[in-house]
Amino acid sequence: MEYAESPVIIDVKGRMVLDSRGNPTVEATVLLEDGSMGTAAVPSGASTGTREALELRDNGKEFGGKGVDKAVANINEALAEVVIGMDAYDQAGIDMAMIEADGTENKSKLGANAILAVSLAVAHAAAKSLGLPLFAYLGGVQGKVLPIPLMNVINGGVHADSGLDFQEFMIVPAGFDNYSDALRAGAEVYQVLKSVLKKQGYRIAVGDEGGFAPTLPNHKAALQVLVEAIQTAGYEPGKQVFLALDAAASEFYDGTSYKYEGKQLSSKDMLAVYEEMVSQYPIISIEDGMAEQDKEGWKLITQSLGSKVLLVGDDVFVTNPAIFTKGVEDGIANAILIKLNQIGTLTETLDVIRTAHLVGYRCIISHRSGETEDTTISHLAVATNAGFIKTGAPARSERVAKYNELLRIQEYLGDSAVYFGKVFPWWKAVKR
Ligand SMILES: C=C(OP(=O)(O)O)C(=O)O
Ligand SMILES: [Mg+2]
């Protein structure tokens, strides 16, 4: 039996591109001997977990110390040397070789940004060489679930100057038959929200992820205005469109208490805030409700709300297989946020997603607050049947690029496409 020959990587090129905040980031292009090319750009976070893989910056004069010349040089020199000559279909082998060449725990020698750009560009080139879209290359005949989008429409925390302690208030159009209907509903609610806020005298300036940044009096007012926008748009809150939060609580935790709405709250008090919100509003997901250092708080919230809502670990797991496994042992959360650049290779990201699914945790594939036009995460979400994607407001091109790519994937899959909200309406069984 003859197998198709694997194409070898013959060239790698790194470059600086700008992200959506106007900061530099890295992009890589990989060329294969059969002429196939793949390109990928790496995003950048603002509310980062302390144990994320290292994003290499120059700390020089250019770009206020955020330059990526060193990371680009590492792509063009050290990483190119590692991967040129390797089989492009051997994603795991390539990623392991780059990890070995870096040799550090957190990819601090060559930079997780440099390594990830090459890792993803290899996957894109390999998919091209096989004539497949990326999701089909990564997911094979299995990858066909279109994810429920978690759309961040009110921004706070370190992403906006709204004064809200919570970083993200999201709308979740889960109760629809297909992804395109869900996307339409999300976009309609976003537009209605704009006019509702305007009518109520709030400004409609936006934060880093395209969500509005109104100076609302408190967090409940944000939930209230979202329910109003969903209803005004003609949808049923709690049946068709739900709410989700990313508190990003590490950002307002001082090591012993949470500074929330001007008060100092214990983990127990913070939990009471969430319990009340979940009982009053159609919230189906709370991300980073407790700080990454507050393991006891995480245990409390998991015990209390783990059967009612998704409790998503972002800063606390940082997409790291070892850290996540420890968290599972500790009984923390029931879902994990997946950010490729927190760990720095495609292979390790796929490993943590597989582990999460095997131990019964949900995965939410996520963008970063500093994004580019790259749409790899849309493909990753479908390839892994994650069922959820979080990629900002349905506005601003760097966010919309991901939502639009999912429309194209849905079209490509045709009748095979499955919308996760239709096949698994788990919220129907939840007692509040
Ligand atoms: C997307 C997020 O923000 P950032 O990229 O700033 O970490 C998040 O916290 O989930
Ligand atoms: Mg987060």
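Indexing begins at 1, ligand by ligand and atom by atom, following the structure's order. We number each residue from 1, following the sequence as shown.
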At the 4.0 Å heavy-atom cut-off, does S47 count as touching ligand 1?
-> yes

Based purely on interatomic distance, does S366 place a nitrogen or oxygen under 3.5 Å from a nitrogen or oxygen of ligand 1?
-> no

Parallel, tilted or perpendicular, as decided by the 30° and 60° cut-offs, for the rings of Y190 and F212 = parallel

In terms of residue, atom name and distance, what is the protein heavy atom nearest to atom 1 (C) of ligand 1?
-> E209 OE2, 3.5 Å

With a cut-off of 6.0 Å (strictly less than), are more than 12 heavy atoms of other residues, nucleotides or ligands near CD of Q264?
-> yes

Report the C-alpha separation of T256 and D254 in whole Å, then their side-chain angles, then the decisive distance to 0.1 Å, and conclude whether the side-chain hydrogen bond (donor to acceptor under 3.5 Å, both in side chains) test is met.
-> CA-CA 6 Å; T256 43; D254 64 7; 3.2 Å; yes

Would you please classify the geometry between the H219 ring and the F169 ring as parallel, tilted or perpendicular, with 30° and 60° separating the classes?
-> tilted

Who's the nearest protein heavy-atom neighbour of atom 10 (O) of ligand 1, and how far?
-> K390 NZ, 2.6 Å

So which protein heavy atom does atom 9 (O) of ligand 1 come closest to, and at what separation?
-> Q167 NE2, 2.9 Å

Of H159, Q167, E209, which meets side-chain hydrogen bond (donor to acceptor under 3.5 Å, both in side chains) against S369?
-> H159

Per-atom contacts of ligand 1 with G45, taking only distances under 4.0 Å to non-hydrogen atoms | 4 (P), 5 (O), 6 (O)

Please work out whether any backbone atom (N, CA, C, O) or any side-chain heavy atom from C-beta onward of D288 is under 4.0 Å from ligand 1, and answer side chain, backbone, both or neither.
-> neither

Output yes when the distance from some N or O of ligand 1 to some N or O of A46 is under 3.5 Å, and no in every other case.
-> yes

Could you give me the CA-CA distance, side-chain angles and deciding distance for E296 and K299, then say whether salt bridge (Lys or Arg N to Asp or Glu O under 4.0 Å) is met?
-> CA-CA 5 Å; E296 286 314 305; K299 282 181 195 167; 3.6 Å; yes

Does H367, backbone or side chain, put an N or O under 3.5 Å from an N or O of ligand 1?
-> no

Would T372 and D374 count as a side-chain hydrogen bond (donor to acceptor under 3.5 Å, both in side chains) if you check the C-alpha gap in whole Å, the side-chain angles of each, and the deciding distance to 0.1 Å?
-> CA-CA 5 Å; T372 71; D374 186 286; 5.1 Å; no

What are the atoms of ligand 1, with element, lying closer than 4.0 Å to any heavy atom of L337?
-> 10 (O)

Looking only at protein heavy atoms, identify the closest one to atom 8 (C) of ligand 1 and say how far it is in Å.
-> K339 NZ, 3.1 Å

Just jot down the ligand 1 atoms closer than 4.0 angstrom to any heavy atom of D314, in number order.
-> 8 (C), 9 (O), 10 (O)

Any heavy atom of D246 under 4.0 Å from ligand 1? The part involved is side chain

Atom name of the N, O or S atom in D246 that lies nearest to the Mg ion (ligand 2) = OD2

Could you check whether the rings of Y258 and Y253 sit parallel, tilted or perpendicular, using 30° and 60° as the cut-offs?
-> tilted

Can you tell me which residue and heavy atom of the protein come closest to atom 7 (O) of ligand 1, and the distance to 0.1 Å?
-> R368 NH2, 2.8 Å

Within the distance-only criterion (no hydrogens, no angle test), does the side chain of D246 pair as donor or acceptor with the backbone N or O of E168 below 3.5 angstrom?
-> no

Angle class for the F388/F420 ring planes (parallel below 30°, perpendicular above 60°, tilted otherwise)?
-> perpendicular

Quick one: look up the protein heavy atom nearest atom 3 (O) of ligand 1 and list residue, atom name and how far away it is.
-> H159 CE1, 3.1 Å

Report yes if the side chains of I154 and V225 come closer than 4.5 Å at any heavy-atom pair, otherwise no.
-> yes

Taking N113 for the side chain and E55 for the main chain, is one N or O donor matched with an acceptor at less than 3.5 Å?
-> no

Check D314 and report its N/O/S atom nearest to the Mg ion (ligand 2), by atom name.
-> OD2

So, is E287 placed with an N/O/S atom under 2.8 Å from the Mg ion (ligand 2), counting both backbone and side chain?
-> yes

Could an N or O of ligand 1 be found under 3.5 Å from any N or O of S369, whether backbone or side chain?
-> yes

